[in-house]
Undergrad: 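If you scroll down you'll find the structure; I have some questions about it.
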Amino acid sequence: MKKGSFFLATSFRIFYMRLIGFCFLYFSLVAGTHADDECPLQLNSQRVVVEYGGSVLVNCSTSVPHTGMGWEASEGAVPMINHSLITWRVSELREWDIEPYCYINYNKTQCTVTLPVTIYKTPDSVSISTVNHNGPMMEGNQYELQCDVLNVAPVQNLTVNWYKGQTLVNQTFFTDTIITPVSKTSKLQIRPDRADDGAQYWCEAKLELGEEGPRPPPNVTSEHLNINADDECPVQLNPQRVIVKYGGPVSVNCSTSVLHTGMGWEASEGAMPMSKNGLITWRVSELTEWDMEPFCYLNYNKTQCTVTLPVTIYKTPDSVSISTVNHNGPMMEGNQYELQCDVLKVAPVQNLTVNWYKGQTLVNQTFFTDTIITPVSKTSKLQIRPDRADDGAQYWCEAKLELGEEGPRPPPNVTSDHLNVEVYHKPKHSSSTETISKTNEVTLNCTVKANPAPTYSWSSKHQKETIDSPVLLSSTLSSGNYTCTATNSQGKDSKVFILKSTDRTRLWAIILSIVGVAVAVALALVFYAKFKRRDSPNAVI
């Protein structure tokens with residue numbers, strides 16, 4: 001191995017060993033510090049899960065010398081004693097927000113260890129029902145089931161399981177952080193077919209309390225709900241769904257090809273009495289009932305069946321406006337601002353989309369999940385952080401009702417006015433230096449875009465007078481460096497112009513001198529040749 005390579009390898013090994021030693025020492029010190037900071041108490045249960053009104057018992061012990069230890073709690077507090085073990089005990093725990101902790105005095109200070117306590121309560125009852133429906137269900141129609149859980153805690157540990165027979169078909173979880181008993185509702189959408197006739201639905205409220213909780217987890221179940229699904233009702237609606245503007249007209253036919261004893265329309269507007277014809281029309285000239293649920297009914301085979309017509313009534317907004325939130329005047333480059341779009345009285349809001357535009361570019365969208373069908377007002381907000389390129393930009397928003405394939409085309413929309421954004425930004429040149437050859441045509445141009453408009457100043461050892469113009473003529477300047485500074489309320493930026501001389505007169509003089517010398521040399525050679533021939537002995541005179 002060469003001497004230089006050997007020296008380099010040895011130096012690297014020494015550095016590596018010292019680095020390992022330093023890391024070992026550092027982590028040893030850190031580990032030691034953490035060990036000293038840990039409170040020297042042990043709880044024989046790290047977490048307690050207990051039923052409301054139940055009993056609880058937890059020991060707190062230590063193995064170090066101390067001057068006293070005890071339990072603090074709103075129930076079962078234990079005063080300070082000099083023992084090495086102390087017990088927190090409650091025969092009937094009824095404090096929902098209890099936070100007991102064991103404390104110890106040692107090394108002239110006090111430290112504590114808190115015992116996490118979860119108090120649970122199983123529901124008073126769990127019941128299942130259908131929503132807004134009685135009697136048999138029609139094949140292919142949609143229905144809603146509801147599970148009501150009464151007075152359960154803690155709700156964040158509650159799971160509602162939905163069963164069809166013995167098959168789990170859905171689950172509902174809850175994220176509420178309330179620790180006292182509350183009542184909760186879970187819903188399930190079903191669309192029964194003929195195979196569901198006689199099916200049994202039921203729901204179960206289960207408290208999943210973790211490893212420290214009881215096994216199996218506490219649960220309460222509802223009774224079984226028997227489903228009676230009739231065959232599909234033999235009527236046809238044309239169209240099968242209606243989307244109509246508030247106050248607009250609507251007309252839908254209901255027809256059948258089977259023998260019957262009567263058919264008709266039930267509706268809060270435009271109801272049609274029973275007829276024995278094969279076609280009957282529901283017609284309204286100005287539809288103004290928001291919760292309209294018309295249905296066509298048919299009496300046949302000694303029973304009655306119905307088909308509901310889905311009706312969506314929409315209303316475009318009274319107005320759509322855009323504004324800045326808690327701000328007036330120009331915006332500062334790099335700061336964050338909030339824009340707000342106010343949509344006044346639109347329906348249905350679940351079909352509303354608010355589109356945000358910067359110029360003609362879509363920059364954001366807001367959707368709504370509310371199920372309110374009557375007109376409401378909504379607000380959408382947009383966070384922006386403008387830069388110099390945004391100075392003069394125009395923001396605007398659009399409220400659009402996306403009503404599906406059956407809705408009007410293009411979708412109804414209302415737009416706001418344009419909000420002009422003025423952005424204050426400091427001067428910034430595209431380059432910090434520029435080299436210019438000195439000629440009569442070239443100028444030193446320091447003009448730069450900034451808001452507010454900047455002022456200009458020049459500095460150079462060749463320039464004595466003060467100049468506040470952004471432009472200098474190079475023909476009036478000597479060669480050298482010229483620094484221009486543009487300044488406004490947001491800051492300043494400088495640019496250096498390097499002016500180089502190009503003296504054409506001197507250049508031409510040099511060229512002419514060279515040409516003159518060349519011509520003189522050539523003439524001298526010519527005369528020399530002539531004299532040489534004349535002096536020759538063989539020359540003819």
Side-chain angles (χ1 to χ4, degrees), residues 320-342 354-366 379-398 415-438 441-500:
V320 177
S321 60
I322 187 173
S323 60
T324 54
V325 179
N326 299 326
H327 178 78
N328 290 311
M331 299 178 179
M332 303 299 141
E333 181 180 28
N335 288 2
Q336 182 167 290
Y337 300 90
E338 190 172 55
L339 307 184
Q340 178 170 306
C341 184
D342 293 300
V354 173
N355 296 318
W356 283 93
Y357 289 88
K358 177 183 172 184
Q360 296 303 311
T361 303
L362 178 66
V363 294
N364 203 8
Q365 291 182 299
T366 303
T379 296
S380 170
K381 294 187 177 182
L382 176 69
Q383 304 288 333
I384 65 171
R385 193 181 297 274
D387 58 23
R388 64 187 57 236
D390 292 316
D391 189 25
Q394 291 186 322
Y395 284 87
W396 54 285
C397 58
E398 170 193 49
T415 61
S416 71
D417 292 335
H418 287 202
L419 177 68
N420 294 313
V421 174
E422 182 181 7
V423 182
Y424 274 5
H425 54 95
K426 71 176 186 178
K428 186 177 181 181
H429 292 92
S430 58
S431 62
S432 59
T433 61
E434 183 178 348
T435 301
I436 296 178
S437 298
K438 184 180 176 184
E441 296 81 12
V442 178
T443 59
L444 278 61
N445 193 340
C446 184
T447 304
V448 67
K449 183 179 179 181
N451 192 10
T455 59
Y456 298 89
S457 63
W458 292 85
S459 64
S460 173
K461 65 180 181 180
H462 308 287
Q463 192 75 28
K464 303 303 181 184
E465 68 272 16
T466 301
I467 299 176
D468 58 5
S469 169
V471 177
L472 293 182
L473 294 176
S474 63
S475 60
T476 65
L477 305 175
S478 303
S479 299
N481 293 354
Y482 294 82
T483 301
C484 171
T485 301
T487 306
N488 70 1
S489 60
Q490 303 305 299
K492 60 184 179 180
D493 191 48
S494 297
K495 180 175 181 178
V496 178
F497 293 86
I498 304 171
L499 187 60
K500 291 186 176 181

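Sequential numbering from 1 along the given sequence is applied to the chain's residues. Keep in mind that this is a model prediction, so the values were computed, not measured.
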Undergrad: Can you see which heavy atom on Tyr456 is nearest to which on Cys446, and at what distance?
TA: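 So the two residues come closest at CE2-O, 3.3 Å.
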Undergrad: Starting from the C-alpha separation in whole Å, work towards a yes-or-no answer on side-chain contact (heavy atoms from CB on, under 4.5 Å) for Asp493 and Val448.
TA: CA-CA 9 Å; Asp493 191 48; Val448 67; 5.9 Å; no
Undergrad: Grab the two heavy atoms, one from Trp396 and one from Asp417, that are nearest each other, plus how far apart they are.
TA: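 Here Trp396 and Asp417 meet closest at CB-O, 3.7 Å.
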Undergrad: When rounded to the nearest 0.5 angstrom, what is the spacing between OH in Tyr357 and OG in Ser416?
TA: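 Going from OH on Tyr357 over to OG on Ser416, the span is 11.0 Å.
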Undergrad: Do Thr324 and Tyr395 have side-chain heavy atoms sitting under 4.5 Å apart?
TA: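 Sidechains of Tyr395 and Thr324: no contact.
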Undergrad: Does the side chain of Thr455 pick up a donor-acceptor pair with the side chain of Thr487 at under 3.5 Å?
TA: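 The answer is no; no qualifying pair exists.
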Undergrad: Show your working on side-chain contact (heavy atoms from CB on, under 4.5 Å) between Glu338 and Asn326 and close with a plain yes or no.
TA: CA-CA 8 Å; Glu338 190 172 55; Asn326 299 326; 5.9 Å; no
Undergrad: Answer yes or no: is there a donor N or O on one side and an acceptor on the other, between the side chain of Ser460 and the main chain of Asn481, under 3.5 Å?
TA: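 Looks like yes, one N/O pair under 3.5 Å.
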Undergrad: Let me confirm one number: the CE-NE2 distance from Met332 to His327, rounded to the nearest 0.5 Å.
TA: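 Going from the CE atom of Met332 to the NE2 atom of His327 covers 6.5 Å.
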Undergrad: Which heavy-atom pair separates Ser469 from Trp458 by the least distance, and what is that distance?
TA: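 Distance-wise, the nearest heavy atoms are O-NE1, 2.6 Å.
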Undergrad: For Leu339 and Met331, which heavy atoms make the closest approach, and how far apart are they?
TA: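 The pair with the smallest heavy-atom distance is CD2-CE, 4.2 Å.
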Undergrad: Can you name the nearest heavy-atom pair linking His425 to Arg388, along with the distance?
TA: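 Answer, listing the atom of His425 first, then Arg388: ND1-NH1, 3.3 Å.
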Undergrad: For Asn445 and Thr443, which I'm curious about, is there any donor-acceptor pair between the side chains at under 3.5 Å?
TA: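 The answer is no; no qualifying pair exists.
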Undergrad: With rounding to the nearest 0.5 Å, note down the distance linking CD1 in Ile436 to CG in Leu499.
TA: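 The CG atom of Leu499 is 7.0 Å from CD1 of Ile436, to the nearest 0.5 Å.
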Undergrad: Starting at CD1 of Ile322, measure out to OG of Ser380 and round the result to the nearest 0.5 Å.
TA: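 These two atoms lie 9.5 Å from each other.
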Undergrad: Looking at Lys495 and Glu434, does any basic side-chain N land under 4.0 Å from a carboxylate oxygen?
TA: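 Yes, this pair counts.
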Undergrad: Strictly distance-based, threshold 3.5 Å: is any side-chain N or O of Asp391 a donor or acceptor partner for the main-chain N or O of Val423?
TA: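 Such a contact is found between Asp391 side chain and Val423 backbone.
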Undergrad: Considering only heavy atoms from C-beta outward, does the side chain of Asn335 approach that of Arg385 to under 4.5 Å?
TA: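 Sidechains of Arg385 and Asn335: no contact.
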Undergrad: What is the distance from atom CD of Gln490 to atom CG of Asn451, rounded to the nearest 0.5 Å?
TA: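 So the gap between those two atoms works out to 8.5 Å.
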Undergrad: Take Gln336 and Ile384 through the test side-chain contact (heavy atoms from CB on, under 4.5 Å) and record every step on the way to the result.
TA: CA-CA 6 Å; Gln336 182 167 290; Ile384 65 171; over 6 Å; no
Undergrad: For Gln360, look at atom CD and say whether over 12 heavy atoms of other residues, nucleotides or ligands are found less than 6.0 Å away.
TA: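 Counting other residues, nucleotides and ligands, CD of Gln360 stays at 12 neighbours or fewer.
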Undergrad: I want to check something: taking the side chain as every heavy atom from C-beta on, are Asp390 and Lys358 in contact at a cut-off of under 4.5 Å?
TA: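 Contact flag for Asp390/Lys358 side chains = yes.
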Undergrad: List the steps, then state whether side-chain contact (heavy atoms from CB on, under 4.5 Å) holds for Thr447 with Val471.
TA: CA-CA 7 Å; Thr447 304; Val471 177; 4.3 Å; yes
Undergrad: Using a 6.0 Å cut-off, check whether atom CG of Asn420 has over 12 heavy atoms from anything other than its own residue.
TA: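 Yes - once you tally the heavy atoms of other residues, nucleotides and ligands closer than 6.0 Å, there are more than 12.
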Undergrad: Can you name the nearest heavy-atom pair linking Ser321 to Cys397, along with the distance?
TA: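 Smallest interatomic distance, heavy atoms only, reads O-SG, 4.1 Å.
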Undergrad: Between NZ of Lys500 and OG of Ser437, what distance do you get to the nearest 0.5 Å?
TA: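 Lys500 NZ to Ser437 OG: 7.5 Å, rounded to 0.5 Å.
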